[in-house]
Amino acid sequence: MNWKFRALVMGLALLVVSSAVQAANMELYVKNRPFQGTTLTRSGQLHAELGPLLQAIGYSWTVDGTRVNISRRSGGGPALTGVGLQPYLDGKPLALPLIEVQGSPFVPLADLARGLGLSYRPNPDLGIADLNVPVSRIPVRETPADSGVTAVADSGKPASTSSDKASSAKTGMIETDGTNRLSPIRILKTDFSDSTTPGTNFVGEVRTSTSIQNSSDKPLEKVTLRLRLMNLANEVVQEWIHPIGLMRPGAQVDFTPEPPVWYNYNRIQVNPSVLVEHQPQPDPEEEAASKGQDDGGK
């Protein structure tokens with residue numbers, strides 16, 4: 001009987017160990033985009049592989065032995081492998097209960113959010129979890145002005161001329177959806193997803209984010225980004241306003257609303273729209289004409 005009992009106990013122990021780490025039961029979104037790394041569930045908590053997760057957040061890190069020095073500046077870092085790793089932020093150790101799975105460290109999302117001051121919202125009913133950087137910590141990163149990225153205009157309207165000048169004269173500011181020829185703002189991309197199913201009682205979740213760039217060789221001042229949700233009548237049903245201020249030449253700004261989910265309680269069809277406002281730059285044609293007059297008067 002003893003050997004049968006011991007075999008039963010060992011079998012139960014193996015079952016408990018194998019069930020402690022399971023495939024993730026929720027889809028993870030980081031900064032409103034699907035996480036491309038590995039996730040798993042352990043003891044009811046969603047975990048993600050530490051290195052790819054820091055990369056997706058937009059952080060960088062260095063490794064010194066078992067010490068992982070995390071920085072909020074973008075840039076990534078070397079592969080994180082092995083056991084006994086101790087993460088640090090700003091020179092202070094983070095109390096993160098890392099687990100090692102097949103040589104890679106995994107971190108509980110809830111603990112990481114607390115340690116790094118992030119926003120973490122799991123929704124077990126919908127099988128979705130959101131990890132986001134608070135708006136106050138969204139970085140403005142500078143990129144070369146000749147990066148070759150193609151602008152994507154959300155409205156699809158042709159570039160306008162006289163109406164652009166009229167709008168500028170009326171408000172003293174330039175507004176663009178990416179098509180105003182008087183503005184060097186490029187709308188690089190706008191991500192959007194909506195789980196709303198018309199005609200049902202299910203409240204859908206809307207997620208959207210956008211990236212813009214100053215494509216000129218001059219700075220832009222008093223820049224404000226407005227990310228909107230529009231109904232089919234082209235009316236604004238939701239608006240997130242992100243004051244940017246100064247955008248240096250080539251600078252790019254990535255914006256994700258906080259909180260990252262807008263609940264579509266009215267179950268209506270919505271579409272994203274981006275509007276950027278900034279102080280006008282001198283018109284190149286007017287500058288050239290003025291320069292020509294100055295040269296002619298010499």
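All values reported here derive from a predicted model rather than from experimental measurement.
- Atom-to-atom distance recorded for Asp191:CG and Thr256:OG1 is 8.5 Å, nearest 0.5 angstrom.
- In the model, Asn214 has no side-chain atom that pairs as donor or acceptor with a side-chain atom of Gln252 under 3.5 Å.
- Electrostatic pairing of Arg67 and Asp64 does not count as a salt bridge here, judged by no charged N lying under 4.0 Å from a carboxylate O.
- A 4.5 Å side-chain heavy-atom check between Pro259 and Ser119 finds every atom pair outside the cut-off.
- For the pair Trp262/Leu229, a side-chain contact is recorded, criterion being any heavy-atom separation below 4.5 Å from C-beta on.
- Side-chain heavy-atom separations under 4.5 angstrom define the hydrophobic clusters, and Ile241 shares its cluster with no other residue.
- For the pair Ile187/Thr210, a side-chain contact is recorded, criterion being any heavy-atom separation below 4.5 Å from C-beta on.
- For Gln279, the CD atom sits in a packed shell: over 12 heavy atoms of surrounding residues, nucleotides or ligands are nearer than 6.0 Å.
- Counted by atom type alone, Asn123 and Arg121 present zero donor-acceptor pairs between their side chains at under 3.5 Å.
- Note on Arg207 versus Asp130: salt bridge recorded, some NZ/NE/NH1/NH2 to OD/OE distance being below 4.0 Å.
- The closest side-chain heavy-atom distance from Val236 to Met230 is below 4.5 Å.
- Counting only distance, with no hydrogens or angles, the side chain of Gln36 and the backbone of Pro34 share a donor-acceptor pair below 3.5 Å.
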